[in-house]
Amino acid sequence: MRHGIAGPAEVRDGRGRPLRYSDAGDGAIRIALPKGNSALITARGDRPDLTIAPVRPNGEAPRWGLEDA
């Protein structure tokens, strides 16, 4: 995986536990990931809020989508 993060990175599973990875060279890492699993790659020490929640509207809009133009 070529992630594009400047500096050291961390790799975690869906529950936030660290995953092992190795440097694959040229800015890429190699993650041994079982089929169907996922990984979150962040800058070392970064803990983004991954909460799924409604987004506040930035203006008035019809309840079920945008009006026809």
Side-chain angles (χ1 to χ4, degrees):
M1 168 74 180
R2 187 160 309 184
H3 52 71
I5 295 172
E10 288 183 345
V11 181
R12 297 186 173 274
D13 67 11
R15 294 183 178 184
R17 297 176 296 204
L19 289 173
R20 290 185 181 186
Y21 67 94
S22 60
D23 185 352
D26 198 27
I29 59 175
R30 184 175 292 113
I31 308 166
L33 198 59
K35 184 176 182 177
N37 288 15
S38 61
L40 176 65
I41 303 167
T42 61
R44 184 170 292 156
D46 191 13
R47 296 290 182 269
D49 180 9
L50 302 176
T51 304
I52 298 172
V55 177
R56 291 184 179 265
N58 58 3
E60 292 294 319
R63 187 168 181 85
W64 297 109
L66 300 176
E67 295 178 14
D68 293 333

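What's counted below: heavy atoms across the whole structure, side chains too, no hydrogens, waters or symmetry copies. As the structure is a computational prediction, the values presented were derived from the model and not from experiment.
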Inset, instruction - Just grab all the side-chain hydrogen bond (donor to acceptor under 3.5 Å, both in side chains) pairs involving residues 32-48, residues at least two apart or on different chains. - result: Glu10-Arg47
Legend entry - Residue pairs fulfilling side-chain hydrogen bond (donor to acceptor under 3.5 Å, both in side chains) with at least one residue in residues 53-62, sequence neighbours excluded: none
Inset, instruction - With rounding to the nearest 0.5 Å, note down the distance linking CD1 in Ile31 to NE2 in His3. - result: 8.5 Å
Check: residues 18-28 side-chain donor-acceptor pairs under 3.5 Å, at least two apart:
from: Tyr21; atom 1: OH; to: Ala9; atom 2: O; distance (Å): 2.7
from: Asp23; atom 1: OD1; to: Gly25; atom 2: N; distance (Å): 2.7

